[in-house]
Amino acid sequence: MSCGEEAERAEHHRALTISCQGKQYPAVWSTPASDAGSPRLGVVLTHGAGGDMNTSQLLAVSGALTAHGMACLRFTCRSPRLEYRVKVYKAAVAELKALVDFRCDGCFLAGRSMGARAAAMTAAALQREDEDGFVLGVICLSYPLHKPDSSSSSSSDLRSGLLVDLHQPILLISGTNDNMCRRSLMEKTLTELTTDHTMHWVEGSGHGLQTKSKDLQDEIYKKIVDWCRNTAGGMFVKDEHVKGVKAREVSGCKRKQDVAGGDEGASSKASCNNKPARRKATTRRRKIVGKK
């Protein structure tokens with residue numbers, strides 16, 4: 001059964017509006033048909049410079065998440081100004097935290113293309129305010145590292161600063177033929193990150209992450225689901241185990257890369273723990289409170 005077919009059976013949808021500076025932005029709150037238990041995880045998801053929250057890729061991501069017990073709040077904001085999109089994104093995160101029909105223990109910020117930049121910038125802003133550690137990580141689909149077909153490796157021409165400044169874990173998914181994310185430039189950027197990150201390359205795919213292989217498409221959504229679960233898994237402990245458990249400190253960073261659809265389909269890992277981090281990243285174990 002495909003992710004889309006699973007979604008038809010698993011999702012509950014509710015239309016919402018996100019309020020920001022006197023304006024209203026459409027959103028859809030999708031929750032799983034059955035409660036997967038603790039921790040309850042949510043994903044805030046938005047689109048790129050074109051399209052809206054109902055693009056096929058965002059619908060597929062939302063469907064994969066709800067089919068596997070997670071909730072998804074996707075929204076539309078077509079403003080060409082990145083800074084304003086971040087304001088709307090922050091309002092969407094606040095909306096998710098206030099929802100009571102599926103109260104989340106934590107969430108991930110996700111976006112495609114320009115939406116990925118907005119997710120990263122929102123996470124960077126919230127990490128200075130997010131004292132309860134509600135934002136668990138960032139998911140970037142087709143992160144636009146540079147302008148289309150640019151060959152410049154100058155830091156002033158790259159949009160790498162948003163990623164370098166993050167302290168939350170990051171999942172990046174890009175096509176090997178993406179004309180806005182040259183692989184050599186992205187791999188150089190990855191060496192500069194000081195947080196846990198995973199890079200997933202989709203062989204032969206461009207900026208739209210389109211591929212003729214259904215298996216490769218499903219692998220993208222499976223990667224997102226598995227990464228969310230694995231990332232959240234080390235951040236929560238059950239109530240009965242809270243006593244005597246101390247916060248786990250993680251310094252430096254881990255780098256993991258894999259290529260989908262390559263000749264060998266191999267994955268490689270490299271450690272950069274010997275590289276001093278800008279700030280020690282701390283992954284806090286959070287207490288899970290039972291919800292009705």
Side-chain angles (χ1 to χ4, degrees), residues 18 20 42-49 51 53 57-58 61 72-94 96 106-130 133-147 155-175 178 180-182 185-201 207 209 220 223-224 227-228 231-232 253-257 277-279 281 283:
I18 306 298
C20 182
V43 175
V44 184
L45 178 65
T46 194
H47 57 91
M53 65 179 175
Q57 189 174 87
L58 267 61
V61 170
C72 181
L73 175 63
R74 65 184 196 276
F75 68 94
T76 295
C77 175
R78 294 192 178 93
S79 173
R81 293 175 49 235
L82 183 60
E83 293 77 9
Y84 186 77
R85 282 203 181 200
V86 170
K87 292 179 180 179
V88 179
Y89 208 125
K90 291 176 73 172
V93 175
L96 182 144
C107 79
F108 296 92
L109 308 190
R112 129 157 208 92
S113 193
M114 185 180 181
R117 294 177 66 196
M121 185 176 285
T122 302
L126 291 178
Q127 69 189 4
R128 296 186 290 269
E129 311 165 8
D130 189 27
F134 187 72
V135 176
L136 306 177
V138 180
I139 303 168
C140 297
L141 303 175
S142 295
Y143 187 85
L145 185 62
H146 51 74
K147 294 180 180 180
S155 58
S156 61
D157 295 327
L158 297 180
R159 299 159 176 160
S160 57
L162 291 177
L163 301 177
V164 174
D165 289 341
L166 284 175
H167 301 302
Q168 297 103 330
I170 312 170
L171 170 64
L172 299 115
I173 300 178
S174 295
D178 190 338
M180 299 182 72
C181 184
R182 283 182 57 198
L185 296 179
M186 174 55 85
E187 290 182 346
K188 180 178 182 298
T189 296
L190 295 177
T191 65
E192 301 173 3
L193 303 188
T194 59
T195 186
D196 288 358
H197 57 277
T198 298
M199 181 75 230
H200 181 74
W201 293 103
H207 191 64
L209 283 179
I220 293 172
K223 172 65 68 174
I224 294 171
W227 183 84
C228 287
T231 300
C253 67
K254 295 178 181 177
R255 179 187 181 192
K256 179 181 179 182
Q257 290 200 60
R278 291 186 175 189
R279 188 179 91 184
T283 302

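- Closest of all the heavy-atom pairs between Gly175 and Leu209 is N-CD2, 3.6 Å.
- For the residue pair Arg85/Ser79, the side-chain donor-acceptor check at 3.5 Å is not satisfied.
- Partners of Thr122 under the side chain to side chain donor-acceptor pair (under 3.5 Å) rule, at least two apart in sequence or in another chain, do not exist in this structure.
- In terms of heavy atoms, Cys20 sits closest to Ala91 at CB-CB, 4.4 Å.
- The CG atom of Leu163 sits 6.0 Å away from atom CG of Leu172, with the distance rounded to the nearest 0.5 Å.
- One distance of note links OG1 of Thr46 with CE of Met53; it measures 9.5 Å at 0.5 Å rounding.
- The distance from the CZ atom of Arg74 to the CZ atom of Arg112 is 15.5 Å, given to the nearest 0.5 Å.
- Taking NE2 of His167 as the reference point, atom CD of Gln127 lies at 4.5 Å (rounded to 0.5 Å).
- Side-chain contact between Arg159 and Lys147 is present, with heavy atoms from C-beta onward closer than 4.5 Å.
- Residues passing the salt bridge (Lys or Arg N to Asp or Glu O under 4.0 Å) test with Lys90 are Glu129, sequence neighbours excluded.
- Side-chain atoms of Cys72 and Val61, non-hydrogen and from C-beta on, never get closer than 4.5 Å to each other.
- Although no hydrogens or angles enter the test, the distance criterion places a donor-acceptor pair under 3.5 Å between the side chain of Tyr89 and the main chain of Val44.
- Here the side chain of Tyr143 pairs no donor or acceptor atom with the backbone of Met186 at under 3.5 angstrom.
- In this structure Ser113 satisfies the side chain to side chain donor-acceptor pair (under 3.5 Å) test together with His207, sequence neighbours excluded.
- Residues Phe108 and Ile224 form no side-chain contact, since every pair of their non-hydrogen atoms from C-beta on lies 4.5 Å or further apart.
- The pair Glu192-Lys188 meets the salt-bridge criterion, since a charged nitrogen lies less than 4.0 angstrom from a carboxylate oxygen.
- Side-chain N or O atoms of His146 include one that pairs as donor or acceptor with a backbone N or O of Arg182 at under 3.5 Å.
- Side-chain contact between Leu82 and Met114 is present, with at least one heavy-atom pair separated by less than 4.5 Å.
- Once rounded to the nearest 0.5 Å, the distance linking CD1 of Ile173 with CD1 of Ile139 reads 7.5 Å.
- The CG atom of Leu141 lies 5.5 Å from the CD atom of Gln57; values are rounded to the nearest 0.5 Å.
- For Leu193 against His197, the heavy-atom pair with the smallest separation is CD1-CG, 3.7 Å.
- In plain terms, the two heavy atoms of Thr195 and Pro169 that are nearest each other are OG1-N, 3.8 Å.
- Between Leu73 and Val43 the shortest side-chain heavy-atom distance does not fall below 4.5 Å.
- Contact of the Met199 side chain with the Ser174 side chain is registered, since non-hydrogen atoms from C-beta on lie closer than 4.5 Å.
- Contact between Leu162 and Arg117 at its shortest, heavy atoms only, is CD1-O, 3.7 Å.
- When all heavy atoms are compared, the tightest approach of Leu166 to Ala123 is CD2-CB, 3.7 Å.
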